[in-house]
Amino acid sequence: MSVISVPQAFNEDELYIDLRPTFGRSLFLKCEGFNFAGSIKLKAATEMVEAADREGVLRPGSILVESSSGNLGVALSVIAASKGYRFVCVTDPRCNLATRLLMEALGSRVHVITEPDAGGGFLGARIDYVRALCASDDRYVWLNQYANPGNWKAHYRTTAPAIAREFPQLDVLFVGAGTTGTLMGCARYFREWHRPVRVVAVDSVGSVAFGGPPGRRMIPGLGASIRPPLLDESYVDEVIRVEEVDAIRACHHLARHGFLFGGSTGTVVSGAMGWLARNDTSGVTAVAIAPDLGERYLDTIYQANWLRAIYGPDVLAGGDHHRSEFDAPVQAGHRVAF
Ligand SMILES: Cc1ncc(COP(=O)(O)O)c(C=O)c1O
């Protein structure tokens, strides 16, 4: 039995899905969506708020403010409600409706930036708004997930050791990159570990996080329109970039096997499966991190009209969602072909 008195005290850190039956290749998917914030961001939010509490940055009457595409906003909403702080989340139109409603239900205020910055992304415009708010009233406290070391330290302390405990023979770790907090925390931990682990960053096509031209990105959480200040590429062994349509296909493939995940998980799984197919991976132990679950994406990634409007009619390859390029050779009694 687990008994808790604050929501951030519960986080399922030991659940993995073996994707071999689903994709035909061995990959252990670490599920980070089973907590009261519904995502991996609960860890970063907890670490950053507790450090600010300890350092006296947060005081009675403080108002937290943060730029978030959604999940950190929900996590901060949970923690702010639990600790009695007010919270303003600055987001943009890519934030899902469900995520926005969730933050409001938890008592937070949500401000949606509708005008992109000069580069065409929203991040710069969101940060400008946060800075203006902080300049207007000294009760506002911006933890700044993009630069706060607590963001990567959370994963150095929790996510990476949890993986190391379960997979002492780990060879490859696939991590999606947004702020790169998860990536840098895990990469730093495994650089210091007793055996080498190849850390592969997964980014979206159109993200400029690791260089490359900017482009339209509709899947929140992963990718960046500026270079992430936390990123130190010397810790990253390889970067792979995934097209959003491939991420969507991976999401639907997982859903057709009963696993409903968010878009960034589709991105990481698609990238990882491509990498495993290109490399000689017999006997390789590979883990990927799934940052959240799929319910918040029902009106986007899992909605046919949205998909067609954004990606065109062929995004789900002719509507046959049951079989796709991912399907493993059918084993007797294992899959049913429709
Ligand atoms: C759904 C989702 N995927 C991936 C990430 C990327 O994590 P990080 O910011 O640690 O790079 C986030 C972070 O917000 C997220 O919400």
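One-based numbering, in listed order, for ligands and for the atoms of each. Here the structure is a predicted model, which is why all the values come from computation and not from measurement.
Between Glu238 and Arg198 there is a salt bridge, since a side-chain N of the basic residue sits under 4.0 Å from a carboxylate O of the acidic one. Ion pairing between a basic and an acidic side chain is recognised when a charged N comes within 4.0 Å of a carboxylate O; Arg25 and Asp18 show no such pairing. Salt bridge annotation for Lys43-Glu32: present, with a cationic side-chain nitrogen under 4.0 angstrom from a carboxylate oxygen. Salt bridge absent: Lys30 and Glu12 never bring a charged side-chain N and a carboxylate O closer than 4.0 Å. Taking 4.0 Å as the cut-off between side-chain N and carboxylate O, Asp53 and Lys83 count as a salt-bridged pair.
Scanning all protein heavy atoms for the shortest distance to atom 3 (N) of ligand 1 gives Ser264 OG, 2.6 Å. Closest to atom 11 (O) of ligand 1, if we only count protein heavy atoms, is Gly178 N, 2.7 Å. The shortest contact between atom 12 (C) of ligand 1 and any protein heavy atom is with Gly221 O, 3.5 Å. The protein heavy-atom contact nearest to atom 13 (C) of ligand 1 is Lys41 CE, 2.7 Å. In terms of protein heavy-atom proximity, atom 7 (O) of ligand 1 is closest to Thr182 OG1, 3.6 Å.
Residue Leu183 places every heavy atom at 4.0 Å or more from ligand 1. Between Leu72 and ligand 1 there is no heavy-atom distance shorter than 4.0 Å. Residue-ligand proximity: Ala177 is placed with a non-hydrogen atom under 4.0 Å from ligand 1.
Of the N and O atoms on the side chains of Asp232 and Ser234, at least one donor lies less than 3.5 Å from an acceptor on the other residue. Defined by atom type and a distance below 3.5 Å, a donor-acceptor pair is present between the side-chain atoms of Glu192 and Tyr156. Side-chain contact check for Glu244 and Tyr311: at least one donor-acceptor pair (N or O, by modelled atom type) lies under 3.5 Å.
Judged by the 6.0 Å distance and 45° axis criteria, Arg131 is not positioned over the aromatic ring of Trp142.
For the pair Tyr297 and ligand 1, the shortest N or O to N or O distance does not fall below 3.5 Å. An N or O contact shorter than 3.5 Å is missing between Asp292 and ligand 1 by distance. Residue contacts with ligand 1: Gln145 is placed with no nitrogen or oxygen under 3.5 Å of a nitrogen or oxygen of the ligand (distance criterion only). Residue Thr179 places at least one N or O, backbone or side chain, under 3.5 Å from an N or O of ligand 1. Inclusion of Asn71 in the set of residues having an N or O under 3.5 Å from an N or O of ligand 1 is warranted.
Less than 4.0 angstrom separates some heavy atom of Pro291 from each of these atoms of ligand 1: 1 (C), 2 (C), 3 (N), 4 (C).
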